[in-house]
Amino acid sequence: MDGDKRAVIRLLEDIAEHLELRGENPFKIRAYQTAARTLERLETAPAELIAQGRLEEVPGIGRAIGDKIKEFVATGRLRYYDELKAATPGALLELIKIPGLGPKKAMTLYTKLGINSIGELEYACRENRLVGLAGFGIKTQERILAGIERVKKYQGQFLLAAVLPVAKALAAALAAVPGVTAAEVAGSVRRGRETVKDVDIVVAHPDPSAVGPAVLQLPGIEQVTGSGATKTSLVLETGLAVDVRAVLPEQFAPAWHHFTGSKEHNVLLRGRAKEQGLKINEYGVEAGTGPLGPIADEAAFFRLFGLPFIPPELREGGDEIEAAAAGRLPRLLEESDIQGVFHVHTTYSDGAASLAAMAAAARERGLKYIGISDHSRTAVYARGLRLEAVLEQQREIARLNEAPEGCWILSGIESDILPDGSLDYPDDVLAGFDFVIASVHSAFRMSEAEMTKRIIRAMENPFVTMLGHPTGRLLLGRDGYEVDLAAVIEAAAATGTVLEINANPYRLDLDWRWCRRAKEKGVRLAVNPDAHSAEELAYIAWGVMTARKGWLEALDIINTLPLPQVRNLLRQKRAAGAI
DNA sequence: GCCGTTTTCGGCCCGACTGTTTTCAGTCG
């Protein structure tokens, strides 16, 4: 059911990409992208919309795209797409991934030089064969070669957790430059995207042209890739690209908003501004009569369009502007809402710190409770707990809880979900824990149907309090296993199972794109650090970011509850199951 | 390709920088 929707979205996105390569009308390309995004947000599957005859009522889907979706849903294919694909070689899709190489130049390389892959392009550059092509010169060739290096070395993506501290340090360094009145991180880093491809920083200075030279003094620069009056582009030694934009102090708020994006958000906001007779650019807002006066901050900026402040995490170009206009923005979760944490490992299994040390670290962080969940016995690679160890740990927890000193220890387990969906311990052992996290750690290679059934069966177990890292993905490492998340969310709602937002920056799983769906279905979530050391309790910040991007509020997250309420909640599902 | 009580045609967000150009196309965000 959901696979059908995903396939349609994919199809529309692919068409847009192919049209881009063909140098088609940009607005036509955007029409396909808009249709894909709209469908993404829609609860109803395309097949259902078609059955109800309502497909073309969806904004952004007209006759042409509607017919294409119908053909694709009915036959599983689309002739138009097949023809496009036949006419635009797949190699071009690979080529436009190289920074500095867009559809036009890629097409020239393909038609004039017969370049079919990045490898061939690299070879052609080294043979000096690009020079002489219309629109190409020695600089372009060098640029492309450097772009290839970057793609090969880093795949162009970085983990947010690796980038954010660097970005903040750069902004702080620029903030200290004489004359600078503000320097802030913008872009996808500020929006809290889980992976990012570059850093954007906006700097305010009475003489913007004075900022560029200061930027060039920053430490760790490997290469300067652009240097104009107001924009400086760098690549750091780590391969991370950085863009710095300089504006006048009175332009800072609109500029910060502009460079925070997303691009899609900006397009939508400009559309709304236009309806109101206002024009936005990165330096300010103009009415028909001329530029409006200085804008104090982003809140004032949004007010010009009759909107409340939209938090950066929500600015992905979905329905955030619509929701803001209707007063339906959520009051997003904050880290200070977090009262305690679940999913913490100790030296009983593969953690680096002892139970007592983890509890002490939690206390120092001001947490009111900490839920210990070491690995279960099947996870031998992680020194999973045999039954004797389970009992021993529970005795130690009881002993430590005699003097809890403000932080209560909850006894739990991260139990493997076995291939058939059963858990790793019998019910009487499971009943001895305060909570149980069920996770898939093995036998990843199953069909989507089998994996979905396996996970749902685990959730039907009354002792399973939470589902751990629902897809098993590792960012920039491996894709998650095949699983029908829509069905998992339905099952979580039906069984009263909490879904984990695993806050390890490599996981961030459940993905923010699914969090909102879960919330709408009435599912509760837990922001879990999956900490294997005392320091990793700080991972909670990444999980909070994910929850915020998923429109979640404190109410949606169980570990914002005080201890007595959270203990009640942990008992609810098994109590219901026992009746 | 989509959309519309200003419109069924003519709009659709806007600007910086680079490189290859004799005035601007391509790329990016």
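Sequence lines set the chain letters: A, B, ... in the order given, protein chains first and strands last, and positions in each chain run from 1. These figures come from a predicted structure and were not determined experimentally.
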_Just the rounded figure in Å: distance from C1' of B:dG1 to CD of A:Glu56._
12 Å
*Might you point out which heavy atoms bring A:Gly187 and A:Asp200 nearest each other, and give the distance in Å?*
CA-OD2, 3.6 Å
*Across all strands, who's sitting opposite B:dG10 as a Watson-Crick or G-U wobble pair, both distances under 3.5 Å?*
B:dC3
*Going 5' to 3' through nucleotides 21-29 of chain B, assign each nucleotide B (protein heavy atom under 4.0 Å from a base atom), S (under 4.0 Å only from sugar-phosphate atoms) or - (no protein heavy atom that close).*
-----SSSB
*Rounded to whole angstrom units, what separation is found between the CZ atom of A:Arg272 and the P atom of B:dC12?*
19 Å
*Nearest whole angstrom, please: distance from the C1' of B:dC14 to the CG of A:Leu269.*
13 Å
_Interatomic distance, A:Leu268 CG vs B:dC12 P [rounded to whole Å]_ = 15 Å
*Expressed as a whole number of Å, how far does the C1' atom of B:dT18 sit from that of B:dT23?*
15 Å
*Under the criterion side-chain contact (heavy atoms from CB on, under 4.5 Å), which of A:Thr195, A:Asp198, A:Val196 is the partner of A:Val163?*
A:Val196
_Residue-phosphate contact under 4.0 Å: A:Tyr32 side-chain N/O, B:dC2 OP1/OP2_ = no
*For nucleotides B:dT6 and B:dC2, find the distance between their P atoms and express it as a whole number of Å.*
23 Å
*If every non-hydrogen atom of A:Pro505 is compared with every non-hydrogen atom of A:Leu159, which pair is closest and at what distance?*
O-CD1, 3.5 Å
_Filter on ring-ring contact (aromatic ring centres under 6.0 Å, His included), then keep only pairs touching residues 6-51 of chain A, sequence neighbours left out; what's left?_
A:His18-A:Tyr81
*Close approaches to DNA chain B from residues 294-323 of chain A, in residue order (heavy atom, under 4.0 Å)*: none
_Can you list everything that forms a side chain to side chain contact (heavy atoms under 4.5 Å, CB included) with A:Ala173? Sequence neighbours excluded, please._
A:Leu218
*When the C1' atoms of B:dC17 and B:dT21 are considered, how many whole Å apart are they?*
15 Å
*asked:* At 4.0 Å (heavy atoms only), tell me whether A:Ile138 reaches a base, stays on the sugar-phosphate, or touches nothing.
replied: sugar-phosphate
*Which side-chain hydrogen bond (donor to acceptor under 3.5 Å, both in side chains) pairs, counting each pair once, include a residue from residues 247-266 of chain A, with sequence neighbours left out?*
A:Arg190-A:Thr260, A:His257-A:His265, A:Ser262-A:Glu264, A:His265-A:Glu320
*Between A:Gln141 and A:Gly228, which is nearer to the 5' end of DNA chain B once each is assigned its nearest nucleotide?*
A:Gly228
_Measuring only the P atom in each nucleotide, how far is B:dT22 from B:dG26? A whole number of Å is fine._
13 Å
*asked:* So A:Ala273, base contact, sugar-phosphate only, or nothing? Heavy-atom distance under 4.0 Å.
replied: nothing
_Phosphate-side-chain proximity, A:Thr140 and B:dT18, N/O vs OP1/OP2 below 4.0 Å_ = no
*Quick one: label A:Asn281 by what it contacts on the DNA or RNA (base, sugar-phosphate, nothing), any heavy atom closer than 4.0 Å.*
sugar-phosphate
*Within 45° of the six-membered ring axis of A:Phe259 and under 6.0 Å from that ring's centre, is NZ or CZ of A:Arg191 located there?*
no
*Pull out every residue in residues 59-71 of chain A that has a heavy atom closer than 4.0 Å to any atom of DNA chain B, ordered by number, or say none.*
A:Pro59, A:Gly60, A:Ile61, A:Gly62, A:Arg63, A:Ala64, A:Ile65, A:Lys68
*Integer angstrom distance from the C1' of B:dT20 to that of B:dC13*: 27 Å
_Candidate list A:Asn502, A:Asp479, A:Leu508, test side-chain contact (heavy atoms from CB on, under 4.5 Å), partner A:Arg473, passing option_ = A:Leu508
_A:His257 NE2 - B:dC14 C1' separation (whole Å)_ = 14 Å
*Looking only at heavy atoms, what is the nearest atom pair of A:Leu248 and A:Pro206, with distance?*
CD2-O, 3.2 Å
_Nearest-angstrom distance from the residue atom CZ of A:Arg37 to P of B:dC2_ = 15 Å
*Pairwise C1' distance, B:dC3 and B:dT8 [rounded to whole Å]*: 9 Å
_Taking A:Glu184 first and then A:Arg245, would you say they form a salt bridge - that is, a charged N and a carboxylate O separated by under 4.0 Å?_
no
*Answer yes when A:Arg77 and A:Asp82 have at least one side-chain N-carboxylate O distance shorter than 4.0 Å, and no when they do not.*
yes
*side chain to side chain donor-acceptor pair (under 3.5 Å) between A:Trp542 and A:Glu194, worked out*: CA-CA 9 Å; A:Trp542 308 115; A:Glu194 62 278 17; over 6 Å; no
*Identify which one of A:Lys97, A:Arg10, A:Arg22 satisfies the salt bridge (charged side-chain N to carboxylate O under 4.0 Å, His left out) criterion when paired with A:Glu17.*
A:Lys97
*Examine B:dC12: is either OP1 or OP2 under 4.0 Å from a nitrogen or oxygen in the side chain of A:Lys274? Give yes or no.*
yes
*Using whole Å, report how far CG of A:Asn266 lies from P of B:dC12.*
17 Å
*When all nucleic acid strands are considered with a 4.0 Å heavy-atom cut-off, which category describes A:Ser227: base, sugar-phosphate, or nothing?*
sugar-phosphate
*asked:* Please determine whether a side-chain nitrogen of the Lys or Arg among A:Arg79 and A:Glu83 lies less than 4.0 Å from a carboxylate oxygen of the Asp or Glu.
replied: no
*Taking the side chain of A:Tyr283 as heavy atoms from C-beta outward, which of B:dG1, B:dT20, B:dA16 is closest to it?*
B:dA16
_With a 4.0 Å limit, can you tell me whether A:Arg245 has a side-chain N or O closer than that to the phosphate oxygens OP1/OP2 of B:dC17?_
no
*asked:* Need one value for A:Ile280: base, sugar-phosphate or nothing, where a base atom within 4.0 Å counts as base even if backbone is also close, heavy atoms only.
replied: sugar-phosphate
*asked:* Rounded to whole Å, how long is the line connecting atom CG of A:Asn25 with atom C1' of B:dC3?
replied: 14 Å
